Chemist: 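Just passing along the structure, written as structure tokens.
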Amino acid sequence: AALANITEYLHQTSRLLLAVALTASSHAWRKTNWKVQPSEASKIIASSYRQRYGNEHARESVNFTEAENNDLAAKLSDEDIGGVLVCLGAVRKIKSVAVPHCVGITGEGLEPLRNSSFIECIDLSAEEGHRSA
């Protein structure tokens with residue numbers, strides 16, 4: 001409960017990145033073909049995230065648009081995005097992902113969404129107001 005309370009003070013993006021970091025280094029996620037199992041600490045943070053930003057069982061969205069600033073968005077990697085998606089169980093729960101201004105990604109970090117029957121929208125726009133699908 002303490003970890004969940006502490007993460008309440010973090011912005012949404014920072015909270016998700018902490019969940020990824022508490023399991024493995026960013027590069028370990030892709031090296032294992034996204035098969036890393038989230039640590040207990042990561043599961044607590046992911047559960048706290050779902051309770052605050054979505055329903056525990058309902059389809060959700062992951063939104064990196066509220067990254068504290070565009071500098072953070074520019075530094076995000078495919079490994080960061082993929083790790084977040086794994087921690088949240090995205091293939092079974094996520095219906096939309098917004099990663100605008102994330103100029104350092106190639107799309108490989110979206111691999112954890114492969115075979116998802118829930119995903120409806122992926123926003124890769126570089127400018128606000130422009131949506132990609």
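Values in this document were obtained by computation on a predicted structure and should not be read as measured data.
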Chemist: Could you tell me whether a side-chain N or O of Thr7 sits under 3.5 Å from a main-chain N or O of Ile45, the two making a donor and an acceptor?
Modeler: no

Chemist: Out of curiosity, Leu3 CG to Glu40 CD, how far, rounded to the nearest 0.5 Å?
Modeler: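 Result: 11.5 Å between the selected atoms.
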
Chemist: Does some side-chain heavy atom of Val97 sit less than 4.5 Å from a side-chain heavy atom of Leu124?
Modeler: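 Not in contact.
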
Chemist: Taking all heavy atoms of Ser77 and all of Ile105, pick out the closest pair and write down the distance.
Modeler: C-CG2, 3.6 Å

Chemist: Looking only at heavy atoms, which two atoms of Trp29 and Cys87 are closest? And how far apart?
Modeler: CH2-SG, 3.8 Å

Chemist: Under 3.5 Å, side chain of Ser61 to main-chain N/O of Asn63, donor-acceptor pair present?
Modeler: no

Chemist: Is the shortest side-chain heavy-atom distance between Val86 and Thr23 below 4.5 Å?
Modeler: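 Val86 vs Thr23: side chains apart.
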
Chemist: I need the Lys95 NZ to Ser116 OG distance, nearest 0.5 Å.
Modeler: 12.0 Å

Chemist: Give every residue pair that meets the salt bridge (Lys or Arg N to Asp or Glu O under 4.0 Å) criterion with at least one member in residues 78-90, sequence neighbours excluded.
Modeler: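 Matches after skipping sequence neighbours: Arg30-Glu79.
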
Chemist: Is Asp123 close to Val99 at the side-chain level, that is, under 4.5 Å between some pair of heavy atoms?
Modeler: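 The answer is no; the side chains never approach within 4.5 Å.
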
Chemist: Strictly distance-based, threshold 3.5 Å: is any side-chain N or O of Ser48 a donor or acceptor partner for the main-chain N or O of Ile44?
Modeler: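 Side chain of Ser48 to backbone of Ile44, a donor-acceptor pair under 3.5 Å: no, none is there.
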
Chemist: Mind listing the closest non-hydrogen atom pair of Glu108 and Trp34 along with its distance?
Modeler: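 Result for this residue pair: O-CZ2, 3.6 Å.
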
Chemist: To the nearest 0.5 Å, tell me how far Leu76 CG sits from Leu17 CG.
Modeler: 5.5 Å

Chemist: Hydrophobic clusters here meaning ILVMFWY residues chained together by side-chain heavy-atom distances under 4.5 Å, can you tell me if Val91 and Ile81 are in one?
Modeler: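 In one cluster: no.
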
Chemist: May I ask you to test the Ser96-Glu120 pair for a side-chain heavy-atom distance under 4.5 Å?
Modeler: no

Chemist: What's the spacing between Gln37 CD and Thr32 OG1 if we round to 0.5 Å?
Modeler: 9.5 Å

Chemist: Minimum heavy-atom separation for Leu88 and Ala46, please, with both atom names.
Modeler: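 For Leu88 versus Ala46, the nearest heavy atoms are CD2-CB, 3.9 Å.
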
Chemist: Shortest non-hydrogen contact from Val36 to Ala28?
Modeler: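 Looking at all heavy atoms of both residues, the closest pair is CG2-O, 3.9 Å.
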
Chemist: What I'd like to find out is whether the side chain of Leu110 reaches to under 4.5 Å of the side chain of Leu113, using heavy atoms alone.
Modeler: yes

